[in-house]
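Residue numbers run from 1 in the order of the sequence given. Because the structure is predicted, anything quoted here is derived from the model rather than measured.
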Amino acid sequence: MASRSPRRSTLLTLLLAAVACLIAMTMGSPLLLKLLVPEDARWQQLSAVGETYGAASAILSAFALVAIGFSLFLQAKEMRLSRSAANRAHHLQLMQLQMTHPVLRRGLGLPDNGLGRRTLLGEHT
């Protein structure tokens with residue numbers, strides 16, 4: 001298995017730490033709320049405060065959806081470019097084979113140019 005670069009390992013570690021922190025904060029928020037809110041608090045009022053974050057949550061979700069769509073668009077574009085480059089490389093290999101093997105030229109119905117293999121490859125005598 002190939003080893004990862006130090007920068008990539010550090011980035012992965014930071015990403016995992018951030019995700020772990022977010023999960024811990026989410027799991028710990030009820031406990032923190034119980035500590036900060038007095039026993040005689042009105043939960044309807046606290047619920048109304050929580051509902052004010054609904055709009056921010058919707059905007060954040062919409063932004064995430066747009067980001068995913070953009071990511072898919074870039075991925076599809078990169079795939080098309082990669083496929084095109086592979087196709088060009090394949091055609092180049094076929095042309096090189098045709099130039100170095102006269103039998104292939106005749107098999108495809110192309111006229112033989114009369115040049116020897118050394119001339120085609122650029123070799124000097």
Side-chain angles (χ1 to χ4, degrees):
M1 180 189 280
S3 64
R4 292 186 178 141
S5 69
R7 183 176 181 198
R8 187 172 179 185
S9 294
T10 304
L11 185 63
L12 182 62
T13 303
L14 288 174
L15 181 65
L16 288 175
V19 169
C21 284
L22 285 174
I23 290 172
M25 287 172 31
T26 303
M27 299 297 280
S29 64
L31 297 174
L32 183 63
L33 189 61
K34 190 170 186 172
L35 290 174
L36 294 177
V37 176
E39 291 288 327
D40 59 346
R42 291 185 303 190
W43 287 101
Q44 283 82 16
Q45 186 180 11
L46 292 174
S47 175
V49 171
E51 286 179 18
T52 60
Y53 291 106
S57 175
I59 291 171
L60 186 61
S61 296
F63 178 72
L65 185 62
V66 168
I68 289 171
F70 185 67
S71 171
L72 290 174
F73 169 75
L74 290 178
Q75 209 171 20
K77 183 178 177 182
E78 183 66 30
M79 187 62 145
R80 275 193 307 268
L81 291 173
S82 176
R83 211 177 289 144
S84 176
N87 196 16
R88 282 194 302 272
H90 181 70
H91 283 285
L92 177 64
Q93 287 176 339
L94 287 175
M95 293 302 292
Q96 288 173 338
L97 281 173
Q98 286 178 355
M99 288 190 292
T100 57
H101 296 83
V103 175
L104 293 176
R105 291 182 61 80
R106 282 184 256 131
L108 291 172
L110 299 172
D112 194 6
N113 59 7
L115 298 176
R117 183 172 189 271
R118 294 180 133 209
T119 306
L120 290 173
L121 293 177
E123 298 173 1
H124 300 290
T125 53

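The hydrophobic side chain of Met79 is isolated, with no ILVMFWY side chain under 4.5 Å apart from it. Hydrophobic cluster of Leu72: the remaining members, joined at side-chain heavy-atom separations below 4.5 Å, are Ile68, listed by chain and number. Summarising the hydrophobic clusters (Ile, Leu, Val, Met, Phe, Trp, Tyr; side-chain heavy atoms under 4.5 Å, direct or chained), the residues clustered with Leu74 are Phe70, Phe73.
At distances below 3.5 Å, at least one donor-acceptor pair connects side-chain atoms of Thr100 with backbone N or O atoms of Gln96. Formation of a donor-acceptor pair under 3.5 Å by the Ser82 side chain with backbone atoms of Glu78 is not found in this model.
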Ignoring hydrogens and angles, write down the donor-acceptor pairs under 3.5 Å from the side chains of residues 10-25, residues two or more places apart or on other chains.
| residue | atom | partner | partner atom | Å |
| --- | --- | --- | --- | --- |
| Thr10 | OG1 | Pro6 | O | 2.8 |
| Thr13 | OG1 | Ser9 | O | 2.8 |

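Atoms CG and CZ, from Leu92 and Arg88 in turn, are 10.5 Å apart once rounded to the nearest 0.5 Å.
Legend: residues meeting side chain to side chain donor-acceptor pair (under 3.5 Å) with Arg80, ordered by chain and number and at least two apart, are absent. For His90, the side chain to side chain donor-acceptor pair (under 3.5 Å) criterion is met by no residue, not counting sequence neighbours.
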